[in-house]
Amino acid sequence: MSTSGQKFDLPQMKSYFEEHIPQVRLLSDLTLSESDFKGLGAKLKSAFAFSDKKDGIEEIMICYLVYWVYALIYWDEESGIHDELTDYCAELPQYQIRHHFEMLVDMFADYNIAKFGYQNDNIEELALVLIARHAGIPNDEKYQVFELIDDYRNQNVSVDTMINDIYAHLPYKSRYIFSMLDERSRQDVIWEIRSLMAEVCSGVSTREDLLDKYPETSVSLIDYCMFWQEGKALLNQAK
């Protein structure tokens, strides 16, 4: 999506998300542009400022959920993850913050968005782990993650050692996202990427095969993995 240079409001964004969310696996597959993400944050801050932060917000909560997913994707190491909206929300009373998390979690059921089987009585922890899974590996770090995992594909080390070493050396945004996951989830995600890479490198499976076999993996990750392998093959041919 790219509406750069165009005016848009939250109802229009909500309509866009409602139309496209049923067509994607993970919210990161919406491919919201960075300029749209920033515009969305500005609109949300304004909406929260002119409400009592309890009533009237439910109508735009899907926009709020998408915003938090892309906040993990677009932040940079120099400025950190905080911006005007995240700082603003952090200053809200605790009961309002909890209400926001409750509404965020409700969005997953309301829009039939993947929850990966997660359950947690702590509503804040549940919201954060779901948001992290939907953010996944940011596009600008995917190749780095593939190279890192590829280094371990043929090493004779235990799975636990491989997982821990990879997690410790992830690029900064991916590592922050993985820090929001529990240990088992980190292992599952890293192992799934490793398995996907092995299949892509074997050249046996088609894109359609991979989409069928990895239903909880983002289309973007699968496509980038295939692009990465194609580039690697060309480099090997050139040697």
Can you tell me if Gln12 uses its side chain to pair, donor with acceptor, with the backbone of Asp9 under 3.5 Å?
yes
What do you reckon, are the aromatic ring centroids of His99 and Tyr95 less than 6.0 Å apart?
no
Exercise: do Ser220 and Asp223 side chains pair donor with acceptor under 3.5 Å:
no
Keeping Lys142 on the side-chain end and Ile137 on the backbone end, is there a donor-acceptor pair under 3.5 Å?
yes
Less than 4.5 Å apart, any side-chain heavy atom of Arg133 and any of Lys115?
no
Sole residue of Asp151, Ile190, Val145 in side-chain contact (heavy atoms from CB on, under 4.5 Å) with Ile166:
Ile190
Please report the interatomic distance CD(Glu58) to CE(Met103), rounded to the nearest 0.5 Å.
5.0 Å
Quick check: do Cys225 and Leu210 have side-chain heavy atoms less than 4.5 Å from each other?
no
Is the shortest side-chain N to carboxylate O distance from Glu124 to Arg98 below 4.0 Å?
no
Over 60° means perpendicular and under 30° means parallel, so tell me whether His100 and Tyr64 are parallel, tilted or perpendicular.
perpendicular
Side chain proximity check, Ile193 to Val189, heavy atoms < 4.5 angstrom:
yes
Within-4.5 Å side-chain heavy-atom neighbours: Val200 and Trp228:
no
Donor-acceptor pair, side chain of Tyr214 and main chain of Val219, under 3.5 angstrom:
no
Can a cation-pi geometry be assigned to Arg175 and Tyr167, taking NZ or CZ under 6.0 Å from the six-membered ring centre and within 45° of the ring axis?
yes
In Å, rounded to the nearest 0.5 Å, how long is the span from CD1 of Ile177 to CD of Glu141?
7.0 Å
Point-to-point distance, once rounded to the nearest 0.5 Å, from CD1 of Ile163 to OH of Tyr152
10.5 Å
Side chain of Ser174, backbone of Leu170: donor and acceptor closer than 3.5 Å?
no
Do Asp140 and Lys173 meet the salt-bridge criterion of a basic N to acidic O distance under 4.0 Å?
yes
From CD (Glu34) to CD1 (Ile73), nearest 0.5 Å:
11.0 Å
Would Asp160 and Gln187 satisfy side-chain contact (heavy atoms from CB on, under 4.5 Å), going step by step from the backbone distance to the final call?
CA-CA 8 Å; Asp160 287 343; Gln187 292 176 349; 3.9 Å; yes
Least distance between heavy atoms, Leu10 atom then Ala47 atom:
CD1-CB, 3.8 Å
Minimum heavy-atom distance between Arg186 and Leu181, given as atom pair plus value
NH2-O, 3.2 Å
Does any N or O in the side chain of Tyr70 come within less than 3.5 Å of the main-chain N or O of Ser28, such that one atom is a donor and the other an acceptor?
yes
Could you please spell out the steps behind the side-chain contact (heavy atoms from CB on, under 4.5 Å) verdict for Thr217 and Glu192?
CA-CA 8 Å; Thr217 300; Glu192 184 171 73; 2.6 Å; yes
Between Glu199 (side chain only) and Ser195 (backbone N and O only), is there a donor and an acceptor less than 3.5 Å apart?
no
Worked verdict on Met226 versus Arg207 for side-chain contact (heavy atoms from CB on, under 4.5 Å)
CA-CA 8 Å; Met226 297 185 76; Arg207 180 176 185 270; 3.9 Å; yes
Where does the angle between the aromatic ring planes of Trp75 and Tyr172 fall among parallel (under 30°), tilted (30 to 60°) and perpendicular (over 60°)?
perpendicular
In this structure, CD of Glu102 is separated from CG of Leu126 (nearest 0.5 Å) by 11.5 Å
Is atom CD of Glu183 surrounded by more than 12 heavy atoms (other residues, nucleotides or ligands) closer than 6.0 Å?
no
What's the spacing between Ile113 CD1 and Leu27 CG if we round to 0.5 Å?
5.0 Å
Side chain to side chain, Phe108 and Tyr118, heavy atoms closer than 4.5 Å:
no
Closest heavy-atom pair, Cys63 versus Leu40, reported as atoms and distance to 0.1 Å, is O-CD2, 3.6 Å
Would you say the side chain of Leu65 lies within less than 4.5 Å of the side chain of Phe17, judging by non-hydrogen atoms?
no
Please answer whether the main-chain N or O of Ile149 pairs with a side-chain N or O of Arg194 as donor and acceptor at a distance below 3.5 Å.
no
Centroid-centroid under 6.0 Å between Phe116 and His134 rings
yes
With side chains defined as the heavy atoms from C-beta onward, is the minimum distance between Gln229 and Met197 less than 4.5 Å?
no
Donor-acceptor pair, Asp36 side chain versus Leu32 backbone, under 3.5 Å?
no
For the residue pair Leu26 and Leu221, establish whether any side-chain heavy-atom pair is separated by less than 4.5 Å.
no
Check step by step if salt bridge (Lys or Arg N to Asp or Glu O under 4.0 Å) holds for Glu59 and Lys14.
CA-CA 9 Å; Glu59 286 300 309; Lys14 178 188 176 186; 3.1 Å; yes
Any donor-acceptor pair under 3.5 Å linking the side-chain atoms of Asp188 with those of Ser185?
no
Can Val129 and Asn120 be said to form a side-chain contact (heavy atoms from CB on, under 4.5 Å), step by step?
CA-CA 10 Å; Val129 75; Asn120 193 324; over 6 Å; no
